[in-house]
Amino acid sequence: MKKYINKPIYKMLFLCSLLFTIPSCTKDFEGLNVNKGDISDEDLSKDGAEAAFLLPVMMNNIVSTATGVQTQQNLQAESYAGYLEAPSNFLGNVNTTTYMTRGIWANSYNISANGVMNNWLTMKKKGFDVKYPDLYAVALIIKAAAGQRLVDTFGPFPYSKFGDTAEPKFDSPEQAYAAIFVDLEQAVKSLLEAEKTNPAADVARFKKWDRSTLGGEYTKWVKLANTIRLRMALRISVVDAGKGRAEAEKALLPENGGVLDAASGSFAVSPSTGTNPYFTMSTAWSDTRISAAIVTYLEGFGDPRLTAYALPAKDPVLNGSYRGIRPGVDRPTKAIYENYSQYNVTATMPVKVVDLAESYFLKAEGALRGWNMGSGTAQQFYEEGVRASIAANGVSGADTYLQSTTPQLAYVDPKRPAYNSPPLTTNVVKWDEGADLETKLEKIITQKWIAVFPEGTEGWSEFRRTGYPKQYHIMAPQNPVLPLGTFIKRLTYPTAVVTASQAAYNEAVAAFLGGKEDESVKFYWMK
């Protein structure tokens with residue numbers, strides 16, 4: 001692991017994001033010819049620097065496609081989601097994986113705030129919303145994706161007021177969600193209008209800037225926007241069922257362009273350095289391994305995606321079997337768990353941000369709640385999601401898998417028998433139409449969690465919202481507000497955020513977090 005220490009630069013970067021005094025490496029966009037049908041490299045990238053403030057960098061910083069992702073989410077959300085776990089003993093085991101987040105690893109906030117929100121602000125200040133509404137619409141979708149993750153990670157966030165003042169007031173999570181819904185609606189409207197006016201506009205104006213698997217096609221970006229909207233609608237399905245239903249049903253209106261599916265594929269972004277950071281963390285650094293939960297669920301269910309997600313353990317005591325690390329364990333040395341199962345990732349694999357199968361499971365839950373999700377039942381959407389995920393991962397056996405009635409396995413740790421655990425659930429893959437709502441919901445969320453792997457922020461958020469899939473609690477908690485047997489609810493703000501915006505921070509904590517800035521506080525949509 002590269003060392004990430006809270007140095008004064010973090011304060012400087014955050015102050016820059018609030019004061020808009022980041023030294024400009026761009027030339028003035030005011031002279032752009034607003035009547036041109038094409039935007040040339042000469043216009044937007046005369047010295048190669050302008051693009052660094054625009055769409056490519058924004059895409060690369062929703063989930064960082066560089067090794068900064070380690071402290072953005074790998075050592076926290078991916079651990080909390082039960083996806084990936086560190087064998088390494090960072091900071092003497094007093095770190096985010098053992099629930100100590102205060103003052104540690106500001107990338108959790110800064111990467112998206114500086115890499116996405118600042119660059120969106122630059123585009124807005126340069127008049128892209130008027131000059132190039134289609135490109136601005138893409139920026140709004142990226143901003144929404146990053147903003148939703150920041151809200152779901154921390155709670156209050158100045159989403160609607162970002163850039164207003166040196167110390168913008170924080171939105172409550174509810175206010176931020178409302179503003180994100182508005183941005184997504186505007187983005188969809190703009191892209192559909194652009195597509196209607198000139199179906200080839202995306203190829204001429206945007207394709208060269210798209211670093212994602214969506215290939216520069218506006219129709220696919222519309223599907224991404226609607227999927228994020230549908231995700232957020234289900235996130236608030238209990239705390240604001242009326243608003244959630246309205247947003248979900250609007251996202252699925254045929255005239256609004258649909259959601260991600262097997263035809264569009266997932267939204268994943270090419271690594272900014274050319275090498276997938278998870279490959280680097282897993283191979284060169286040996287700093288991340290598969291977590292216990294994903295292995296015990298996949299093996300118990302007989303899931304064909306196990307070999308797509310994980311590699312057999314190299315530790316001799318495991319005899320080539322698959323074994324994950326239980327989260328938040330005591331790790332006196334890296335050698336104890338270094339040879340447990342690695343994440344099966346290649347150097348050139350793009351970094352997944354939104355999985356195509358998620359939309360099917362969102363519709364399944366919506367249908368389960370009685371919402372109009374279009375033609376299909378909860379069971380049909382659930383099974384379509386499983387099929388789509390299995391196919392997207394290049395494996396087969398969906399028909400057999402959907403009939404599986406074997407539950408999650410027990411967890412056995414040959415190095416630390418005290419960390420063993422019986423199965424967490426008796427729920428199985430096969431749909432049971434006679435089951436109650438909670439049993440069906442657990443099936444849907446568990447399969448969505450499997451499909452979304454390894455996107456930790458989303459997996460962690462769904463666990464906090466629903467309690468599913470059932471997870472192993474951490475074994476060596478270091479935070480007194482989260483004793484053994486409890487689960488973390490949010491991250492605390494980096495020091496730079498607090499010191500750069502003290503008054504706004506104090507107000508947000510008092511108004512929206514019950515006066516407590518700690519990791520045990522629930523907010524808005526949480527169970």
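Values below: all heavy atoms of this structure, side chains included; hydrogens, waters and symmetry mates excluded.
- Atom CE in Met117 sits 8.0 Å away from atom CG in Leu121 (nearest 0.5 Å).
- Between the Thr96 side chain and the Tyr99 main chain, no donor and acceptor come within less than 3.5 Å of each other.
- Shown here are the side-chain contact (heavy atoms from CB on, under 4.5 Å) partners of Thr288, two or more places apart in sequence or in another chain: Asn74, Leu84, Met281, Ser282.
- Between the side chain of Thr227 and the backbone N or O of Glu358 there is no donor-acceptor pair closer than 3.5 Å.
- Ring planes of Phe157 and Tyr159: tilted class, angle from 30 to 60°.
- Legend: residues meeting side-chain contact (heavy atoms from CB on, under 4.5 Å) with Val386, ordered by chain and number and at least two apart, are Phe361, Ile390, Tyr401, Leu402, Gln447.
- With hydrogens and angles disregarded, no donor-acceptor distance shorter than 3.5 Å links the side chain of Arg231 to the backbone of Glu458.
- The number of heavy-atom neighbours closer than 6.0 Å to NZ of Lys161, taken from other residues, nucleotides and ligands shown, is above 12.
- The backbone N or O of Pro133 sits nowhere less than 3.5 Å from a side-chain atom of Asp129 that would complete a donor-acceptor pair.
- With sequence neighbours excluded, the residues that form a ring pair (Phe, Tyr, Trp, His ring centres under 6.0 Å) with Tyr493 are Phe154, Phe170, Tyr505.
- Judged by distance alone, the side chain of Asn479 and the main-chain N or O of Val481 form a donor-acceptor pair under 3.5 Å.
- With rounding to the nearest 0.5 Å, the separation of CD in Gln76 from CH2 in Trp460 is 7.5 Å.
- Just one of Asp134, Asp202, Asp210 meets the side-chain hydrogen bond (donor to acceptor under 3.5 Å, both in side chains) condition when paired with Trp221; it is Asp210.
- Side chain of Lys352 to backbone of Phe453: a donor-acceptor contact under 3.5 angstrom is found.
- At most 12 heavy atoms of other shown residues, nucleotides or ligands fall within 6.0 angstrom of atom NZ in Lys207.
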